[in-house]
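So the structure is just underneath, and the comments pick up after that.
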Amino acid sequence: MARSLAEIETLFEKPFFDLLYDAHSVHRQHFDPADIQVSSLLSIKTGGCPEDCGYCPQSRRHAAGVEDSPLLTTAEVVEAAKAAKARGASRFCMGAAWRGPKDADVQAVAEMVRAVSDLGLETCATLGLLREGQAEKLADAGLDYYNHNIDTSRTHYGQVIHTRDFEDRLATLSRVRKAGLKVCCGGIVGMGESRGDRAGLISELSAMDPPPESVPINLLVRVKGTPLGDQPSLEPLEFVRTIAVARLCLPTSRVRLSAGRDGMSDELQALCFFAGANSLFAGDRLLTTPNPGATADSTLFQALGLRALSA
Ligand code: SAM
Ligand code: DTB
Ligand code: SF4
């Protein structure tokens, strides 16, 4: 049963240990807490994006120093996917800095999806807004998940992005569902939003019917040259609370500890896993920014007794 926004705000106010205890208990009802779903990300088309998302180093409106590069070839993508599989990833996510793909782009990505799927990996793509018919083409190629984030609450959204609105995002998400794809949808925290906005983000996600199978909770990576580059950092325990509330409101979804891990201690990540995170991005790079590499993650997994799910 979906919770009201007021109920979700009340969860955020709980004493820290009560919240964590409740979230961890719900986590254990639905998942083995040792199992972590591991995804690997590849930027298949980098930079030069016409959109103005305030957090993003790939917008051509910001001076973040990202070098533009055109769409990779299928052979390049397959090489990266093989390496990701060898490092233990079960899902391979291909990201493109587009407002949305042209039909020819969809055809090219469909070919990549077929090739990555043939390696025995789950596939995910994040290509921006989709037009009618495009999600079906990706589904026909064997795409498992489509990532499209709502990013923040409806109220805070307009402070961050001006070139596409919240409703555009929901329209793409409904096209993705209609095509039979699984949905990966989450947001970013630490963008100057209030606690009420964090509750609003989770409320929107948990009101989706069905809720997204995969829910990335990104901590803003503050990139110099973007409008949010100098944003004050979010208090770490508030980040843990956000994960815990997401777990309580989305009990059967995989909650991903996504961008922002590079700046986190092992202890903070451990608290996030305890609070209900059970998915992450592996590899030393996200799309354009650093991520903890294989050595750091295998040390962390060993210390916490975690294991990567196989594909
Ligand atoms: N261009 C497509 C789009 O926007 O849908 C796909 C790629 S876009 C980079 C995917 C997601 O990455 C964004 O929706 C946002 O949630 C996340 N993201 C981008 N820059 C980020 C940053 N600096 N920190 C945290 N998350 C970020
Ligand atoms: C998501 O929610 N986070 C990932 C993935 N989906 C595409 C992207 C994070 C990007 C962080 C900034 C960068 O590396 O450019
Ligand atoms: Fe473009 Fe996506 Fe970055 Fe927005 S988040 S500027 S749409 S690449």
Side-chain angles (χ1 to χ4, degrees), residues 39-69 71 91-101 105 109 124-130 134 145-152 156-157 160-166 168-173 175-176 183-193 201 205 212 214-231 233-234 239 246 254-264 277 279-292:
S39 290
S40 186
L41 263 178
L42 178 69
S43 180
I44 59 170
K45 187 270 169 191
T46 308
C49 184
E51 301 297 281
D52 78 342
C53 312
Y55 46 76
C56 187
Q58 300 199 72
S59 167
R60 70 171 174 232
R61 300 164 192 245
H62 311 150
V66 168
E67 212 177 301
D68 299 355
S69 50
L71 189 62
R91 191 179 307 161
F92 190 71
C93 178
M94 294 159 268
W98 289 318
R99 170 177 166 83
D105 297 326
V109 174
C124 178
T126 180
L127 315 173
L129 300 171
L130 295 181
Q134 293 186 321
Y145 289 81
Y146 194 81
N147 166 248
H148 196 62
N149 292 337
I150 54 172
D151 280 347
T152 187
H156 193 64
Y157 187 92
V160 181
I161 301 143
H162 313 95
T163 49
R164 58 167 100 170
D165 60 31
F166 203 84
D168 295 330
R169 299 208 182 226
L170 298 182
T172 285
L173 289 164
R175 286 180 181 138
V176 167
V183 171
C184 173
C185 180
I188 310 176
V189 296
M191 300 197 295
E193 75 285 344
L201 165 68
L205 295 168
S214 180
V215 177
I217 304 291
N218 296 277
L219 177 62
L220 175 70
V221 180
R222 293 168 293 167
V223 181
K224 284 262 168 292
T226 64
L228 294 176
D230 294 319
Q231 193 63 41
S233 63
L234 185 70
F239 184 75
R254 286 253 162 212
V255 173
R256 181 171 309 123
L257 177 52
S258 305
R261 283 204 305 126
D262 201 43
M264 289 182 196
S279 168
L280 51 72
F281 288 121
D284 51 21
R285 171 164 283 265
L286 291 164
L287 291 172
T288 66
T289 63
N291 191 50

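In listed order, ligands and their atoms are each counted from 1. Just so it is clear, the model here is predicted, and its values are computed rather than measured. Atom set for the values below is all heavy atoms of this structure, side chains included, hydrogens, waters and symmetry mates excluded.
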* Structure fact -> Minimal heavy-atom distance between Leu129 and Thr172, with the atoms involved, is CA-OG1, 3.4 Å
* Considering all heavy atoms, the nearest His62-Gly54 contact -> CE1-CA, 4.1 Å
Mind checking whether [X] contacts ligand 2 via backbone (N, CA, C, O), side chain (CB onward), both or neither, at a 4.0 Å heavy-atom cut-off?
| X | result |
| --- | --- |
| Pro216 | side chain |
| Val223 | neither |
| Thr288 | both |
| Leu287 | both |
| Pro57 | side chain |

* Asked: Can you list the ligand 2 atoms lying under 4.0 Å from a non-hydrogen atom of Asn218?
  -> 1 (C), 2 (O), 3 (N)
* Residue part near ligand 1, for Arg164, under 4.0 Å between non-hydrogen atoms -> side chain
* Asked: Any donor-acceptor pair under 3.5 Å linking the side chain of Glu193 with the backbone of Met191?
  -> yes
* Less than 3.5 Å between some nitrogen or oxygen of Thr289 and one of ligand 2, yes or no? -> yes
Considering only the protein, which heavy-atom contact is closest to [atom], and what is its distance?
| atom | result |
| --- | --- |
| atom 7 (S) of ligand 3 | Arg164 NH2, 2.6 Å |
| atom 3 (Fe) of ligand 3 | Cys56 SG, 2.3 Å |
| atom 14 (O) of ligand 1 | Asp151 OD1, 3.3 Å |
| atom 6 (C) of ligand 1 | Thr126 OG1, 3.2 Å |

* Pick, from Val66, Thr126, Val221, the option with the minimum heavy-atom distance to atom 7 (C) of ligand 2. => Thr126
* Asked: Quick check: does Cys49 put an N/O/S atom under 2.8 Å from atom 1 (Fe) of ligand 3?
  -> yes
